[in-house]
Amino acid sequence: MLYIGIDLGTSAVKLLLMEQSGRVLRTVQRRYPLSFPRNGWSEQSPEDWWSQTCAGARALLEGFDPAAVDGISFGGQMHGLVLLDWEDQVIRPAILWNDGRAVQETAWLNREIGEDRLSALTGNIAFAGFTAPKLLWVRAHERERFSRIDKIMLPKDFLAYRMTGVHSTDYSDAAGTLLLDTAHKQWSAEMLRICGIRAEQLPVLRESWQVTGTLRPEAARALGLPESVRVCAGAGDNAAAAVGTGTLTDGSCNLSLGTSGTLFIACDQFRLPQNHALHAFAHATGGYHLMGCMLSAAACNQWWMENILKSGDFSGEQAHVSQLGNNPVLFAPYLMGERTPHNDTAVRGAFVGLSLDTSRGQMTQAVLEGVAFAFRDALEIARSVGAEVRRATVCGGGAKSPVWRHILTNVLNIPMDYIQTEGPAMGAAMLAAKGCGTCGSLEELAARTVQVTDTAFPDAEIVRRYEERYPVFRALYPALRTLT
């Protein structure tokens with residue numbers, strides 16, 4: 001049997017075809033436009049998602065028997081707001097995760113409802129990117145459109161709805177709306193009251209692998225698939241990616257070192273960090289996870305290399321990195337502000353400790369170390385609420401650097417397994433296979449699909465030196481905060 005994983009991203013949809021064994025047969029990608037109608041706004045047409053998904057599915061299946069496809073599932077961009085009216089027509093363009101218009105609504109939630117109350121209700125405080133502040137914005141600024149709302153959904157769930165006619169979502173994606181009582185896995189009646197919406201406007205909640213329906217005739221024709229194909233609920237992009245990296249059991253951890261950075265820790269129990277310093281979300285496994293989000297991770301190194309050094313020789317520049325733990329230069333990686341643990345969009349990055357004999361290699365090293373120290377911030381907070389992390393996987397473009405992996409393993413003081421992954425699309429295909437009952441557990445499938453290509457181990461002396469430098473790094477943010 002074959003399984004399709006669909007990763008609905010911000011700029012493109014990626015589709016992956018996987019055999020029952022876990023072997024990837026093909027991936028395709030189809031792009032769609034992103035609209036910025038005003039400064040700080042970010043929107044897309046849900047119909048573009050659907051048309052490009054259909055086109056991608058037909059390309060994905062060329063040369064394969066569509067009748068062999070057993071199931072479909074999703075990973076998708078989180079937090080976006082999709083609104084349908086009583087006739088199932090899209091009311092307005094989707095407001096995306098990176099849209100910043102709901103700043104006032106976010107501030108009102110955190111101030112008037114209160115961060116502690118929000119955290120008790122949902123497991124998280126309000127961020128402008130979350131769904132609930134967007135709903136409040138629509139209610140305040142587009143009252144006619146707000147009055148027409150029949151269905152509220154998240155981006156990937158729009159695809160599932162077009163396929164099956166079932167209005168559903170999964171717990172991992174719902175946890176990013178600020179409408180879910182994450183600890184108890186149910187919509188929060190108080191948050192619905194605050195946002196002025198009714199429970200029947202929200203989707204039915206499912207576990208990520210649960211089958212929500214089969215393809216409607218018109219959807220089957222558009223996708224080039226039989227109507228018998230089962231559609232599983234899927235997961236938010238980070239949870240789906242975690243499935244694809246095998247980050248499934250309690251204490252397992254993955255670092256994604258992409259443009260932004262995430263530290264994802266799977267938990268059997270719901271854990272609520274103090275001071276709202278990490279996201280506490282549901283996981284696609286049926287459990288929970290803690291997540292730290294850095295707004296600039298590999299983006300810091302790209303900025304340093306391309307904008308400042310005017311060099312594309314990343315490995316050549318990193319050849320000058322030496323004396324790990326002895327670098328007198330520190331770098332605060334807050335080039336776009338920071339999300340966790342500081343939740344500060346205004347703070348900015350800085351180099352500290354420069355002198356007349358500071359070398360180019362030391363500054364390059366400081367950039368890599370600053371990002372690693374920021375990951376350490378998130379890890380320490382997770383440990384403070386009982387998460388036991390003894391090993392981690394690392395993936396993403398920045399993780400291709402052996403030097404960076406070596407720095408990470410010593411700053412975090414845990415072995416670091418480098419893996420190459422197809423990301424949320426792979427996790428989505430695995431969820432489809434589990435939902436259709438053909439692969440056993442996700443752990444069994446991950447054991448066949450996740451391949452470690454290299455492992456970095458901590459060096460006791462380097463770890464000791466980084467332990468001495470880490471408190472100095474931690475002092476950077478409070479100092480920088482006073483300057484912005």
Side-chain angles (χ1 to χ4, degrees), residues 10 34-47 49 76-158 161 167 169 173-182 186-203 236 276 279 295 337 339 343-346:
T10 309
L34 184 64
S35 174
F36 305 101
R38 294 188 188 179
N39 183 38
W41 292 23
S42 180
E43 299 181 345
Q44 276 178 332
S45 166
E47 292 298 335
W49 300 336
Q77 50 168 301
M78 296 178 68
H79 314 307
L81 178 64
V82 182
L83 302 173
L84 301 187
D85 64 17
W86 290 96
E87 297 180 346
D88 282 346
Q89 298 301 304
V90 176
I91 293 174
R92 67 166 338 281
I95 305 177
L96 302 190
W97 64 274
N98 57 348
D99 186 286
R101 76 185 70 187
V103 173
Q104 292 182 353
E105 290 75 14
T106 301
W108 179 82
L109 284 167
N110 286 330
R111 182 184 66 250
E112 299 300 326
I113 307 304
E115 292 185 351
D116 290 342
R117 183 61 180 155
L118 287 172
S119 187
L121 290 170
T122 71
N124 295 277
I125 61 173
F127 291 85
F130 282 8
T131 316
K134 296 181 176 74
L135 273 168
L136 290 173
W137 185 91
V138 174
R139 186 174 70 174
H141 297 275
E142 299 179 347
R143 296 196 64 84
E144 188 275 332
R145 285 173 166 171
F146 189 85
S147 69
R148 291 164 49 203
I149 296 172
D150 180 52
K151 295 181 179 68
I152 298 166
M153 59 184 70
L154 293 156
K156 76 175 191 335
D157 304 320
F158 176 78
Y161 183 74
H167 185 218
T169 192
D173 215 359
T177 63
L178 206 69
L179 298 170
L180 186 76
D181 177 352
T182 306
Q186 61 188 16
W187 295 118
S188 167
E190 186 166 348
M191 287 305 301
L192 269 60
R193 179 189 62 78
I194 291 167
C195 292
I197 58 175
R198 306 181 308 276
E200 56 266 29
Q201 293 173 299
L202 291 172
H276 330 293
H279 296 308
L295 294 181
R339 187 158 173 181
N343 189 20
D344 187 342
T345 59

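Remark: the backbone N or O of Gly114 is not paired with any side-chain donor or acceptor of Asn110 at under 3.5 angstrom. The backbone N or O of Leu121 sits nowhere less than 3.5 Å from a side-chain atom of Ser188 that would complete a donor-acceptor pair. A distance-only check finds no donor-acceptor pair linking the side chain of His167 to the backbone of Glu200 [under 3.5 Å]. Although no hydrogens or angles enter the test, the distance criterion places no donor-acceptor pair under 3.5 Å between the side chain of Trp49 and the main chain of Lys156. Using a distance-only test at 3.5 Å, with no hydrogens or angles considered, a donor-acceptor pair links the side chain of Thr106 to the main chain of Ala102. Side chain of Gln44 to backbone of Thr10: a donor-acceptor contact under 3.5 angstrom is found.
Residues Met153 and Gln201 fail the side-chain proximity criterion, which asks for heavy atoms closer than 4.5 Å. Here the side chains of His276 and Asn124 are not in contact, with every heavy-atom distance at 4.5 Å or above. The side-chain heavy atoms of Leu179 and Thr122, taken from C-beta on, include no pair separated by under 4.5 Å. Between Thr177 and Met78 the shortest side-chain heavy-atom distance does not fall below 4.5 Å. Using a 4.5 Å heavy-atom threshold, the side chains of Asp157 and Val82 count as separate. Considering only heavy atoms from C-beta on, Leu83 comes within 4.5 Å of Leu81 through its side chain. Side-chain atoms of Lys151 and Phe158, non-hydrogen and from C-beta on, never get closer than 4.5 Å to each other. At least one side-chain heavy atom of Leu180 sits less than 4.5 Å from a side-chain heavy atom of Trp187.
A pairwise comparison of heavy atoms in Leu154 and Gly80 identifies CD2-O, 3.3 Å as the closest pair. Here the closest heavy-atom approach between residue Ala174 and residue Thr169 is recorded as CB-CG2, 4.0 Å. Here the shortest heavy-atom pairing between Asn98 and Ser42 reads OD1-OG, 2.8 Å.
Counting heavy-atom neighbours within 6.0 Å of Glu47 CD, excluding the residue itself, gives a total above 12. At most 12 heavy atoms of other shown residues, nucleotides or ligands fall within 6.0 angstrom of atom CD in Glu87. By the 6.0 Å contact criterion, CZ on Arg143 is open, its count of non-hydrogen atoms from other residues, nucleotides or ligands being 12 or less.
Distance check, rounded to the nearest 0.5 Å: CG of Asp181 to CG of Leu192 gives 11.5 Å. For the atom pair SG of Cys195 and CE of Met191, the computed distance is 4.5 Å after rounding to the nearest 0.5 Å. Note that the CD1 atom of Ile152 and the OG1 atom of Thr131 stand 9.5 Å from one another [nearest 0.5 Å].
A salt bridge does not link Arg145 with Asp85: every distance from a Lys NZ or Arg NE/NH1/NH2 to an Asp or Glu carboxylate oxygen is 4.0 Å or more. Arg139 and Glu105 are not joined by a salt bridge, as no carboxylate oxygen comes within less than 4.0 angstrom of a charged side-chain nitrogen. Salt bridge absent: Lys134 and Asp99 never bring a charged side-chain N and a carboxylate O closer than 4.0 Å. The existence of a salt bridge linking Glu43 and Arg101 is confirmed by a sub-4.0 Å separation between a basic side-chain nitrogen and an acidic carboxylate oxygen.
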### Query
Can Leu109 and Leu136 be said to form a side chain to side chain contact (heavy atoms under 4.5 Å, CB included), step by step?
CA-CA 10 Å; Leu109 284 167; Leu136 290 173; 3.7 Å; yes

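When each of Ile197, Ile91, Leu84 is tested with Ile149 by the rule side-chain contact (heavy atoms from CB on, under 4.5 Å), just one qualifies, namely Ile91.
Sequence neighbours left out, the pairs with a member in residues 87-140 that pass ring-ring contact (aromatic ring centres under 6.0 Å, His included) are Trp41-Trp137, His79-Phe130, Phe127-Phe130, Phe127-His279, Phe130-His279, Trp137-His141.
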